[in-house]
2 protein chains.
Amino acid sequence: MKMERPKTRIQQKNTRTILDAALDVFSQHGFRGTTLDQIAQAAGLSKPNLLYYFPSKEAIHDALLMELMDTWVDPLRHIGEDGHPVEEIVAYVLRKLEMSRDYPRESRLFANEIVQGAPRILDQIEGPLRDLVNEKAEVIRGWIAAGELAEVDPHHLIFSIWSTTQHYADFDVQVRGILRPEGDAHFNDAAQFLEALYRRTLTPR
Amino acid sequence: MKMERPKTRIQQKNTRTILDAALDVFSQHGFRGTTLDQIAQAAGLSKPNLLYYFPSKEAIHDALLMELMDTWVDPLRHIGEDGHPVEEIVAYVLRKLEMSRDYPRESRLFANEIVQGAPRILDQIEGPLRDLVNEKAEVIRGWIAAGELAEVDPHHLIFSIWSTTQHYADFDVQVRGILRPEGDAHFNDAAQFLEALYRRTLTPR
DNA sequence: AAAGAGTTTGACCAAACGGTCAGGAACACG
DNA sequence: CGTGTTCCTGACCGTTTGGTCAAACTCTTT
């Protein structure tokens, strides 16, 4: 009988193990900086065994990126569904900051890819992401026109939110090197700062 | 006769050519993603010739990083030398944004290094950079105490400035993919947005 | 328990890589 | 012009890397 996804238990488990190990390594060393042996060791599997589950190193990387693009941009979709404009955006900022704290590997994988010219996801950026951002920019423009939000450029507002929040994941070593925080304590200060930053900027006078 | 730096004209020229070409390649592909052949081709020299001027690939990379660390953090040093606090910080923001526009390669080289754990410059970060940031944080705290600046966490203020400005260099492809700007036109909008962002946040009420 | 599908691995390969080296070419200088 | 120094290159080397493959092992199913 032909199933759509004939995955066995072992396949499910090992595919997950590999992707998780690969996320570790790719996010730390970038695509070219990562070797199959590193992934294999991190996953506790042999190199040929990796290639039994994925046809190539690039396939592993691509699988991670695709999985990522789905979930990473997701919070942006929920902007403007209810509530007060300023609260909506502040909530988005805090949600993004939480993601930097809880999923730094994903953030760094993304950062590595973009910094190096996004060779593998440029289509996604110029297509679906661009459309989504433009759509949300319109929502924000509507709020501004209604006097519910201070006048700001919506696109650059979104960029600034992305950069300030993802900074805590992507530049983690720098932040920690300067603050020497205990654990993730500094994320609370960051949340407080960013909330004030955007509240003051966005609240209409 | 023994000179301190016996550099000939040819040495001067070729060293510069190599470093410039290497900056191109390293900033786009990261350290491990870059090959000596790529640098050689970009520089218009042969691979062994590179290694006549630099003992290794890592030496080229290190030379770039050292040169960079000197100049990259420099604008921060000039904060608090004169003028009104809010203006000082706004000027710093705009200066950093200009640097992202005019020296995106340097910014990306730095970003690549940090994202991947800053293996080669961690000492610089935890030492001199940390000290400088703490020093400027004290200056900002002084301004706040004097009522010349709104109450904000100085460290996170600095982080936010770094991230928002460098974003336009490091995530250039993403920004361009979404905005589809002509040339560097969007930098003016970014400057306007960031100036408003920090002016509203920092001006005491 | 036997068969067949699914899983794992050691041994291997070709290409790419960072780096070496002997010797030749270009240059500076008396 | 000659000679010593600086500059440059083709050929080469050992290692690393992504990937292959036949053979062996294991798990499920009947």
Side-chain angles (χ1 to χ4, degrees), chain A residues 1-65 109 112-113 116 119-120, chain B residues 1-26 28-65 112-113 116 119-120:
Chain A
M1 200 180 287
K2 221 178 194 172
M3 300 232 219
E4 270 297 298
R5 309 191 93 220
K7 289 216 174 174
T8 68
R9 274 197 338 273
I10 296 179
Q11 263 173 50
Q12 293 260 352
K13 194 194 67 177
N14 281 351
T15 321
R16 269 284 113 222
T17 305
I18 292 169
L19 286 176
D20 190 68
L23 180 56
D24 259 11
V25 187
F26 277 132
S27 67
Q28 204 170 23
H29 303 288
F31 179 72
R32 290 231 23 199
T34 295
T35 71
L36 283 175
D37 288 290
Q38 278 177 289
I39 300 174
Q41 191 173 355
L45 299 172
S46 69
K47 186 172 66 172
N49 206 4
L50 294 194
L51 295 164
Y52 172 73
Y53 291 101
F54 292 91
S56 69
K57 175 183 168 184
E58 195 163 4
I60 303 177
H61 192 252
D62 285 2
L64 280 174
L65 275 184
L109 182 74
N112 259 306
E113 183 68 11
Q116 304 194 359
R120 282 166 258 269
Chain B
M1 197 181 289
K2 221 177 193 173
M3 301 230 218
E4 271 296 298
R5 309 193 93 220
K7 289 217 174 174
T8 68
R9 276 198 334 276
I10 296 178
Q11 262 171 51
Q12 293 259 352
K13 194 194 67 176
N14 281 350
T15 321
R16 269 285 112 221
T17 305
I18 291 169
L19 286 176
D20 190 68
L23 180 56
D24 259 12
V25 187
F26 277 132
Q28 204 171 22
H29 303 288
F31 180 73
R32 290 230 23 199
T34 295
T35 71
L36 282 174
D37 288 289
Q38 278 177 288
I39 300 174
Q41 190 173 354
L45 299 171
S46 69
K47 187 172 67 172
N49 206 5
L50 293 194
L51 295 163
Y52 172 73
Y53 290 101
F54 292 90
S56 68
K57 174 183 168 182
E58 195 162 5
I60 303 177
H61 192 252
D62 285 0
L64 281 174
L65 275 185
N112 259 304
E113 184 67 11
Q116 305 193 0
R120 284 166 258 268

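The sequence lines fix the lettering, A, B, ..., with proteins before strands; numbering per chain opens at 1.
At a cut-off of 3.5 angstrom, counting only N and O atoms as typed in the model, there is a donor on one side and an acceptor on the other between the side-chain of B/K47 and the base of C/dG18.
Per the geometry, CG belonging to A/L50 stands 14 Å off C1' belonging to D/dT20, to the nearest Å. As rounded to whole Å, 15 Å separates atom P of C/dG18 from atom CG of B/D62. Separating the CZ atom of A/F54 from the C1' atom of D/dT20 is a distance of 19 Å, rounded to the nearest angstrom. For the pair B/L36 CG and D/dC12 P, the interatomic distance rounds to 20 Å; values are reported in whole Å. The distance between atom CG of B/N49 and atom C1' of C/dG23, rounded to the nearest whole Å, is 15 Å.
Residue contacts for A/I10: at a heavy-atom cut-off of 4.0 Å it reaches the sugar-phosphate backbone alone, with no base atom in range.
Contact check, B/Y52 against D/dC8: no side-chain N or O comes under 4.0 Å of OP1 or OP2. Within the 4.0 Å cut-off from OP1 or OP2 of D/dG10, not a single side-chain nitrogen or oxygen of B/S46 is found. Within the 4.0 Å cut-off from OP1 or OP2 of D/dC8, at least one side-chain nitrogen or oxygen of B/Y53 is found. For A/R9 and D/dT28, the shortest distance from a side-chain N or O to OP1 or OP2 is below 4.0 Å. Within the structure, every side-chain polar atom (N or O) of B/R32 is placed at least 4.0 Å from both OP1 and OP2 of D/dT16. B/N14 has no side-chain polar atom (N or O) that falls below the 4.0 Å cut-off from OP1 or OP2 of D/dT6. Using a 4.0 Å cut-off, some side-chain N or O of B/Q11 falls inside it from OP1 or OP2 of D/dC7.
Both B/P48 and A/E58 sit near DNA chain D, but only B/P48 has its closest nucleotide nearer the 5' end.
The shortest heavy-atom contact between A/F54 and A/A63 is CE2-CB, 4.1 Å.
Nearest to the side-chain atoms of A/S56 among the listed nucleotides C/dG19, D/dC7, D/dG19 stands D/dG19.
Between B/T35 and A/R32 the shortest side-chain heavy-atom distance falls below 4.5 Å.
Between B/F26 and B/H61, the ring planes are perpendicular. Angles over 60° get that label, and only those under 30° would be called parallel.
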